[in-house]
Novice: 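Dropping the structure in here first, questions after.
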Amino acid sequence: MKEDYYEILGISKGASAAEIKKAYRKMAIKYHPDKNPGDSEAENKFKKAAEAYEVLGNEEKRAKYDRFGHQAFEGGGFGGGGGMNMDDIFSQFGDIFGGGFGGGFSGFGGFGGGGQRRAKGSNLRIRVSLTLEEIANGVEKKIKVKRKVQASGTTYKTCSTCNGTGQVTRVTNTILGRMQTASPCTTCGGSGQMIDQKPADADAQGLKVQEETVSIKIPAGVEDGMQLKVSGKGNEAPGNGIPGDLLVAIEEKAHESLQREGDNLHYDLYVSISEAALGASKEIQTVNGKVRIKIEPGVQSGKILRLRGKGVSSLNGYGKGDLLVHVNVWTPKTLTKEQKEFFEKMATDENFQPNPEKSDKSFFEKVKDMFS
Ligand SMILES: [Zn+2]
């Protein structure tokens, strides 16, 4: 039969939260293992009190316990009695005794993590301006970067404050006996090392700025505003630290004749009335040089010709966008006397009357087509 939690703490069932806390605090001090070395009965009582407080000190758990008794916690948690380990118990102490007890305790191997911390160098940020051609095909850029590197001739020695452990431990005498807390060493920033000798041109951390050419592989399909990370090409860290990263912000230069829309490109092609009527062979600018396309006789202004695969390579590596050529028929803004007479003659010609067929789709249908 498990002991009643209220009885363990020596309080009544109607005890207030403050009374529960007070009762537990009293027992924790009385039976603390540091005060009762080798006394297994005291340790047992210490654990029981902690278990009781774990439940009664929590409003929700206490309500469950009041309704169902020990059964409320069977199957999970610490049903077997005294199932809390010392780390669990000590983690309660910050709550009971206020701050300062959250760190490790001596004698219980309570150091959380600990050990040396490797300092990390700061990140560097640069902008890279790319042409549409570079974006469409991907490019390797060599960029000059001013980064902090470890100055040659800098030597390190073991930090005298923490003796190279990266941590400072402090022992204090408290009501619970000797407490040991650990925190990162402020002298060396947790690295365990400090500078012994450094050249005159190095800064306080033994670093100096150096211009370096960094090669950056930019995949095809990047977009303006994207950021690429080149690991380890930021500022170096002192001593055994690890270098920061180089963060590359992508800027896209505007193209003089091509407009980008995701992986697709748009090109405005102007043809004369004569070319539209007679057909023509026209040169088109693409991201991989110029190509020639054939304009059929009788082409309508607003027609869109799709050149498959002549767009931007997709960033995810799957396929390429298209180049969409928008045909614009150029109407002369002024006419000579002869030209005027020519068009006047044609004005009533039946062949010059607009007569759109189903294949001469409206603008909206073309747009719908483009995105399907
Ligand atoms: Zn140190």
Side-chain angles (χ1 to χ4, degrees), residues 28-29 32-35 37 84-126 145-212 214 227 229-248:
I29 293 168
H32 194 283
D34 275 3
K35 281 191 140 187
M84 284 179 83
N85 65 33
M86 285 298 183
D87 278 345
D88 292 336
I89 294 172
F90 292 131
S91 71
Q92 290 179 340
F93 280 13
D95 182 28
I96 304 296
F97 299 104
F101 290 86
F105 278 75
S106 64
F108 296 104
F111 280 144
Q116 282 185 5
R117 276 202 319 195
R118 289 182 73 189
K120 191 170 190 256
S122 52
N123 292 339
L124 280 174
R125 281 161 211 280
I126 55 161
V145 176
K146 282 183 177 161
R147 57 192 295 253
K148 284 184 185 176
V149 295
Q150 290 189 16
S152 61
T154 304
T155 56
Y156 295 88
K157 60 183 178 187
T158 303
C159 173
S160 54
T161 307
C162 64
N163 289 320
T165 62
Q167 284 190 328
V168 178
T169 52
R170 208 176 35 177
V171 177
T172 38
N173 287 309
T174 73
I175 45 173
L176 297 183
R178 275 157 57 86
M179 301 284 176
Q180 192 170 307
T181 53
S183 51
C185 173
T186 51
T187 309
C188 62
S191 69
Q193 290 182 309
M194 55 197 290
I195 288 172
D196 187 18
Q197 285 177 318
K198 64 179 180 72
D201 60 346
D203 68 9
Q205 293 183 297
L207 303 173
K208 65 177 187 181
V209 176
Q210 184 176 293
E211 193 172 74
E212 244 174 67
V214 178
Q227 189 173 263
K229 187 172 89 175
V230 187
S231 290
K233 286 295 177 186
N235 288 323
E236 287 187 352
N240 62 358
I242 44 176
D245 302 322
L246 176 64
L247 304 175
V248 183

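When a ligand or atom number is given, it counts from 1 through the structure's own listing order.
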Novice: So how far is it from Leu207 CG to Lys198 NZ, rounded to the nearest 0.5 Å?
Specialist: 10.0 Å
Novice: Sub-3.5 Å donor-acceptor pair from the side chain of Arg147 to the main-chain atoms of Lys233, do we have one?
Specialist: yes
Novice: Quick check against the 3.5 Å criterion: does Gln150 have a side-chain atom that pairs as donor or acceptor with the backbone of Ala237?
Specialist: yes
Novice: For the side chain of Asp245 and the backbone of Asn123, is there at least one donor-acceptor N/O pair under 3.5 Å apart?
Specialist: no
Novice: Set out, in order, the CA-CA distance, both residues' side-chain angles and the distance that settles side chain to side chain contact (heavy atoms under 4.5 Å, CB included) for Met194 and Cys159, then state yes or no.
Specialist: CA-CA 5 Å; Met194 55 197 290; Cys159 173; 4.2 Å; yes
Novice: Counting only N and O atoms by type, is there a donor-acceptor contact under 3.5 Å from the side chain of Ser122 to the main-chain atoms of Asn235?
Specialist: no
Novice: So, with waters excluded, how many protein N/O/S atoms does the Zn ion (ligand 1) have closer than 2.8 Å?
Specialist: 4
